[in-house]
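Naming: A, B, ... by sequence-line order, numbering from 1 per chain.
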There are 2 protein chains.
Amino acid sequence: MNAVKLTSTLTFRLGTLGAVVTDRFSARLAAHDLKPKHVGLLAVLDSGAAASQLDVAKIMNVAPSLVVSLADRLEELGAVRRERDPSDRRRQILTLTAEGRDLLAACARAAAELDAELLEGLDQDGAETLRAALGALARHTGLPAD
Amino acid sequence: MNAVKLTSTLTFRLGTLGAVVTDRFSARLAAHDLKPKHVGLLAVLDSGAAASQLDVAKIMNVAPSLVVSLADRLEELGAVRRERDPSDRRRQILTLTAEGRDLLAACARAAAELDAELLEGLDQDGAETLRAALGALARHTGLPAD
DNA sequence: TCTTCATCATTCAGATTGTGAACGATTTGG
DNA sequence: CCAAATCGTTCACAATCTGAATGATGAAGA
């Protein structure tokens, strides 16, 4: 029945590559005392308007209680500010501080460095194609695609 | 300067996509009572010669003790056989059984289905390009690339 | 042969990371 | 004004993986 080779499926490759890349990224992030999810949270705040913690949780696809601890950490680093929404005092609005933006930029630089390492084998063209294809995939999957 | 946008780095996209895809794959695998790592182990056995648990651990980039529990589970499902290497009785040689091959095939089919879902947006060409580029990336990263 | 040291599988305690069920504070809609 | 829903928080605990013992085996040398 037309046997499928598991290791050449997108599913398998994205899974394993994702794990490896996340590990390596995590190692570089250690210098800033951050985990990938912290950076993810920063990215959400940067790309969108000010968001409540629940909004963030939905976008990141994690439990709201996790956002609490991530935000705690980032707040104590001075990277985010927590303010009650005046129009709905249940909501905590998270916003990036200047330090937060700097931190995010540093993480983005780390990611770019890792990108360069990963792409060593590919030519300029292949790299751009890959980036575009993954972008399309991300969009189609309902992820922050840009 | 030249600010890098984190969310458009390969690093970030592979990380998030990897997580999402692994989650979805995991959900499909639940029908077989397996986790992605179990399938990874089956794939290692299928693609290589018979391997000791330590070999498998190195290939999967995982602690040897984890291989023990993965193999325990797969053995009790009848998917793998455990035999002492006659020429070195410290080593446990893991081999796929016929059931193991069937199980792996079923998982590969599940992965292929997920692939189809993921690729819905892309044309035939883009899909093939993506597959190839990820293959190159995997190879360059020292992963089972095919 | 003995003795010593390395290697492999296994067990187990614990670290890490995340979830889900309370709960209190607030808002919203009869 | 009251009942139900929503948001953030805490906390217990589930899931996953690692690293340090331990026991069995093998290898190398006196």
Reading DNA chain C from 5' onward, which residue's closest nucleotide shows up sooner: B:Lys58 or B:Asp72? B:Lys58
Of the nucleotides C:dA25, C:dC12, D:dT9, which one has an atom closest to the side chain of B:Ser65? C:dC12
Side-chain donor or acceptor of A:Arg89 under 3.5 Å from a matching atom on the base of C:dT26? no
For the side chain of A:Leu66, counting heavy atoms from C-beta on, which of D:dT18, C:dG18, D:dC7 is nearest? C:dG18
Where the side chain of B:Val68 is concerned, which of C:dT11, C:dT19, D:dC17 is the nearest nucleotide? C:dT11
Between P on D:dT16 and NZ on B:Lys37, what's the gap in Å once rounded to a whole number? 10 Å
Mind calculating the distance between CG (B:Asp55) and P (C:dT7) to the nearest angstrom? 14 Å
Atom CZ of A:Arg28 and atom SG of A:Cys107: how far apart are they, to the nearest 0.5 Å? 12.0 Å
Describe the nucleic acid contact of A:Val62 in one word from base, sugar-phosphate, nothing, applying a heavy-atom distance below 4.0 Å. sugar-phosphate
Expected output: side-chain B:Arg131 to main-chain A:Ser8 donor-acceptor under 3.5 Å: yes
Of A:Pro64 and A:Ser87, whose closest DNA chain C nucleotide lies nearer the 5' terminus? A:Pro64
Figure out the CG/P separation between A:Leu41 and D:dG8, and round it to whole Å. 12 Å
What nucleotide among C:dT7, D:dT9, C:dA9 has an atom nearest to a side-chain atom of B:Arg90? C:dT7
Show your reasoning for whether side chain to side chain contact (heavy atoms under 4.5 Å, CB included) applies to B:Leu119 and B:Leu122. CA-CA 5 Å; B:Leu119 291 172; B:Leu122 272 64; 4.2 Å; yes
Can you tell me the distance, in whole Å, between the CG atom of B:Asp23 and the P atom of C:dT17? 17 Å
Considering only heavy side-chain atoms of A:Gln53, the closest of D:dT18, D:dT9, D:dC7 is D:dT9
Note, A:Leu94 side chain near A:Leu74 side chain (heavy atom, < 4.5 Å): no
Is a side-chain N or O of A:Asp85 found less than 3.5 angstrom from the main chain of A:Arg91, in a donor-acceptor match? no
Within this structure, what is the CG-to-P distance between B:Leu29 and D:dA15, rounded to whole angstrom? 17 Å
In whole angstroms, the gap separating P of C:dG18 from CG of A:Asn61 amounts to 12 Å
Would you say a side-chain N or O of B:Lys35 is under 4.0 Å from OP1 or OP2 of D:dT16? yes
Gap between atoms CG and P, on B:Leu54 and D:dG19 respectively (whole Å): 14 Å
For A:Glu83 and D:dG8, what is the distance between atoms CD and C1' respectively, to the nearest whole Å? 16 Å
